[in-house]
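So the structure is just underneath, and the comments pick up after that.
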Amino acid sequence: MEKSSEDLVKWAIDKAEQYLKSAKDNLSNGRLYPSAEDIFRTIETSLEAFLYYNGIKKLEYPGKKKRFTGRLALQFLVRDTLVKRKIIKEEIYNRYLELATDLHSGCYEFGRYFKKDELNKAFEFVEDFLLFVITQTK
């Protein structure tokens with residue numbers, strides 16, 4: 001059964017709030033790797049909610065030979081749906097890509113260390129963005 005756009009937005013916002021709470025708990029307990037991943041998941045899921053709110057029904061992006069899905073489709077859809085239509089600023093998109101590279105990919109790099117103050121800054125950015133999405137979608 002296909003969910004309505006409103007249901008998808010609500011689901012994604014609820015999920016983003018769960019990730020944000022987990023990130024906060026992990027940060028306060030010094031678990032930096034899980035916190036980094038949760039911060040990243042919060043921004044991705046917030047963007048997903050905003051895409052659903054702006055008419056995207058499925059996270060797919062047509063390619064020349066095959067359809068893109070997952071994280072790559074999300075990046076293309078955010079760029080084409082939210083940035084090019086000036087729904088979000090390009091700086092938000094660039095910060096998202098920066099977090100994708102730094103936080104998400106960094107969790108899989110051997111010997112990678114996260115600094116708590118950097119994660120706190122990322123957390124604040126993501127928390128502000130989620131609040132923006134929540135206020136825009138009500």
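- Contact detail for Glu48 and Trp11: the closest heavy-atom pair is OE2-CZ3, 3.6 Å.
- Ring geometry for Phe40 against Tyr96 counts as parallel: the plane angle stays under 30°, on a 0 to 90° scale with 60° as the upper cut.
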For Tyr61 and Leu74, run side chain to side chain contact (heavy atoms under 4.5 Å, CB included): C-alpha distance rounded to whole Å, both residues' side-chain angles, the deciding distance at 0.1 Å, then the answer. CA-CA 8 Å; Tyr61 193 85; Leu74 180 72; over 6 Å; no
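- Lys21 contributes atom NZ, which lies 12.0 Å from atom CD of Glu17 (distance to the nearest 0.5 angstrom).
- Figure legend: cation-pi geometry between Lys15 and Tyr19, with NZ or CZ positioned under 6.0 Å from the six-membered ring centre and within 45° of its axis.
- Between Phe129 and Phe125, the two ring planes are parallel [angle under 30°; tilted spans 30° to 60°].
- The nearest pair of heavy atoms linking Gln136 to Phe50 is CB-CE1, 3.6 Å.
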Show, in sequence, the C-alpha distance, side-chain angles and deciding distance for Leu47 and Leu77, and conclude whether the side chain to side chain contact (heavy atoms under 4.5 Å, CB included) test is met. CA-CA 10 Å; Leu47 286 165; Leu77 288 168; over 6 Å; no
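- Of all heavy-atom pairs spanning Thr81 and Ile87, the tightest one is O-CD1, 3.5 Å.
- In this structure, the side-chain contact (heavy atoms from CB on, under 4.5 Å) partners of Ser5, at least two apart in sequence or on a different chain, are Lys57.
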Between Asp117 and Lys121, does a salt bridge (charged side-chain N to carboxylate O under 4.0 Å, His left out) hold up when you go through it step by step? CA-CA 6 Å; Asp117 62 324; Lys121 286 179 188 173; 5.0 Å; no
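- Taking the side chain as every heavy atom from C-beta outward, Leu82 and Tyr93 never approach each other to under 4.5 Å.
- The two residues Ile39 and Leu119 have their closest heavy-atom pair at CD1-O, 3.5 Å.
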Verify side chain to side chain contact (heavy atoms under 4.5 Å, CB included) between Leu59 and Tyr52, making sure each step is shown before the conclusion. CA-CA 9 Å; Leu59 294 182; Tyr52 293 143; 3.9 Å; yes
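- No side-chain heavy atom of Glu91 sits under 4.5 Å from any side-chain heavy atom of Arg95.
- The nearest pair of heavy atoms linking Ser46 to Leu130 is OG-CD1, 3.4 Å.
- In this view, Ser22 and Asn26, Asp38 satisfy the side-chain contact (heavy atoms from CB on, under 4.5 Å) rule, not counting sequence neighbours.
- Across all their heavy atoms, Asn54 and Arg85 have their closest contact at O-NH1, 4.0 Å.
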